[in-house]
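First up is the structure itself, then whatever we jot down about it.
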Amino acid sequence: MTEILCPDPAGNARAALLLQQGGLVALPTETVYGLGADARNSAAVARIYEAKGRPSFNPLIIHVADVAQARRYARWSDLAQNLADGFWPGPLTLVLPLTSHHGLSSLVTAGLDSVAIRVPAHPTARAILERFGGPVAAPSANPSGKISATTAAHVRNGLDGRIDAIVDDGPSAVGLESTIIGLTARHPLLLRAGGVSVEAIEARLGSALDSANGADIIAPGQLASHYAPHASVRLNATKAEPDEVMLGFADIAGDISLSTTGNLTEAAACLFDRLHELDALRKPIAVAPIPNHGLGRAINDRLRRAAAPR
Ligand code: TXA
Ligand code: MG
């Protein structure tokens, strides 16, 4: 049985208790819903992989309440501090070298000597993290390879009966996973485009980010086919073919639109929700062109993976 919890002190306390007991709890975050487990408990983390049907070589992001907690697990640097000052709490994940006494399950790090870590901004996520007091491993709360969950209903549709609880706190505001920056090499590396734009990070750093090339990629969000609806997806479409449903943007109306005014923040926030809606119709999906700047870059990344051959 999957419990549905309210985002109030009693619900948050119950969520923290379930995490302490090695349970799986879907948590609201500002990016997407995360499927959380105690990152120090291998049995609990193994259940994440089991519930999602996720290939087990993929490392997971850990979520903590603040920088002080992050420093227990990750070797800190001036660069990390600069980015944390600019974007934490918020939709940015930093990949940093592990500390020597981190105590994290090797299932979380997938045996790497680095850890991906973030301090989420969502008040309910923060309340639960503070109450729990430890690191929470949390990939997006959807079956592996499927569209990410941005509402409690999405989580329930994908994982009901497979997890202990869902904390229902409405739709995720950002709607895209966090941006991931690798800080283990000499230059900061963009590992995944996401909820903080590349332009904003480059402005903060005062320099351009390197991009991961194929060989470096250890991020499963980087698998070619990911975020996949049941039906096929056709990108950069200006109009729908007779059998298709269409996801519009700006001037291209479609059956439903990511943003009729061409607003990329609005489009990011509803992207996965619109894909879930169209997916329910079980027809091929045509998608209007999305400009490739700001959050458009992360939106196009997700759309390309949704459209990839599988
Ligand atoms: O917004 C988000 O980031 C959401 C919410 C729930 O916080 N979480 C999320 O987690 O998207 P997940 O597990 O779906 O994606 C984690 C990404 C993966 O692409 C993974 O490979 C990468 O982080 N990652 C984790 N540890 C890493 C490491 N040590 N080096 C490089 N990439 C790593
Ligand atoms: Mg995911």
Side-chain angles (χ1 to χ4, degrees), residues 30-33 91 140-158 170-179 190 192-200 211-212 214 217 219-310:
E30 72 278 21
T31 59
V32 297
Y33 274 69
S140 52
N142 50 272
S144 185
K146 299 295 182 201
I147 306 167
S148 302
T150 53
T151 66
H154 297 160
V155 181
R156 208 169 173 180
N157 290 340
S172 300
V174 177
L176 287 173
E177 293 85 350
S178 58
T179 302
L190 176 67
R192 179 175 74 184
V196 178
S197 74
V198 169
E199 290 91 331
S211 281
I217 287 175
Q222 312 301 335
L223 290 175
S225 170
H226 202 76
Y227 310 103
H230 292 86
S232 65
V233 176
R234 183 169 68 87
L235 303 182
N236 294 315
T238 45
K239 72 190 232 318
E241 298 296 332
D243 59 329
E244 288 175 331
V245 287
M246 177 134 193
L247 182 56
F249 180 79
D251 294 344
I252 299 177
D255 296 283
I256 51 176
S257 178
L258 286 173
S259 168
T260 53
T261 59
N263 179 321
L264 289 168
T265 305
E266 184 188 2
C270 71
L271 173 67
F272 291 130
D273 205 30
R274 294 287 179 268
L275 287 174
H276 278 283
E277 274 176 58
L278 292 178
D279 197 25
L281 305 175
R282 296 291 192 270
K283 288 183 171 178
I285 301 168
V287 185
I290 311 294
N292 205 39
H293 56 76
L295 292 184
R297 191 160 158 161
I299 296 171
N300 281 321
D301 170 79
R302 305 302 187 273
L303 286 171
R304 271 194 302 277
R305 293 177 210 287
R310 33 195 130 105

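Heavy-atom basis, side chains included; hydrogens, waters and symmetry copies ignored.
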field: Side-chain heavy atoms of R302 within contact of R192, under 4.5 Å
entry: yes

task: Looking only at non-hydrogen atoms, find the nearest pair between G294 and E199 and report the distance.
output: N-OE2, 2.9 Å

query: Among V287, I285, L247, which one satisfies side-chain contact (heavy atoms from CB on, under 4.5 Å) with L235?
result: V287

query: Would you call E244 and R234 a salt bridge, taking side-chain N to carboxylate O under 4.0 Å as the test?
result: yes

- request: State the CD1-CG distance between I256 and L281, to the nearest 0.5 angstrom.
  value: 8.0 Å

task: Taking atom types as modelled, find out whether S140 and N142 have a side-chain donor-acceptor pair closer than 3.5 angstrom.
output: yes

field: Over all atoms of both residues, closest heavy-atom pair of L271 and L258
entry: CA-CD2, 3.7 Å

message: Taking the side chain as everything from C-beta on, heavy atoms only, tell me whether I147 gets closer than 4.5 Å to P229.
response: yes

task: Return the minimal non-hydrogen interatomic distance between V32 and S148, and the atom names on each side.
output: CG1-CB, 4.2 Å

- prompt: Where is the tightest heavy-atom contact between M246 and I252, given as atom of each residue plus distance?
  reply: CE-CG2, 3.5 Å

- request: Can you see which heavy atom on A288 is nearest to which on F249, and at what distance?
  value: CB-N, 3.7 Å

field: Flag, side chain of R274 to backbone of S257, donor-acceptor distance under 3.5 Å
entry: yes

message: Applying the side-chain contact (heavy atoms from CB on, under 4.5 Å) criterion to L176, which one of D301, V196, T150, I299 satisfies it?
response: I299

Shortest non-hydrogen separation from P143 to G158 and the atoms involved: CG-O, 3.6 Å

query: Got a sec: does the CG of D251 have more than 12 other heavy atoms crowding it under 6.0 Å?
result: no

task: Taking S178 for its side chain and P91 for its backbone only, find out whether a donor-acceptor pair lies under 3.5 Å.
output: no

query: Does one side chain, of T151 or R156, offer a donor that lies under 3.5 Å from an acceptor on the other?
result: no

message: With a 6.0 Å cut-off (strictly less than), is the heavy-atom count around CZ of R297, excluding the residue itself, greater than 12?
response: no

message: For N300, give me all partners under side chain to side chain donor-acceptor pair (under 3.5 Å), at least two apart in sequence or on another chain.
response: N292

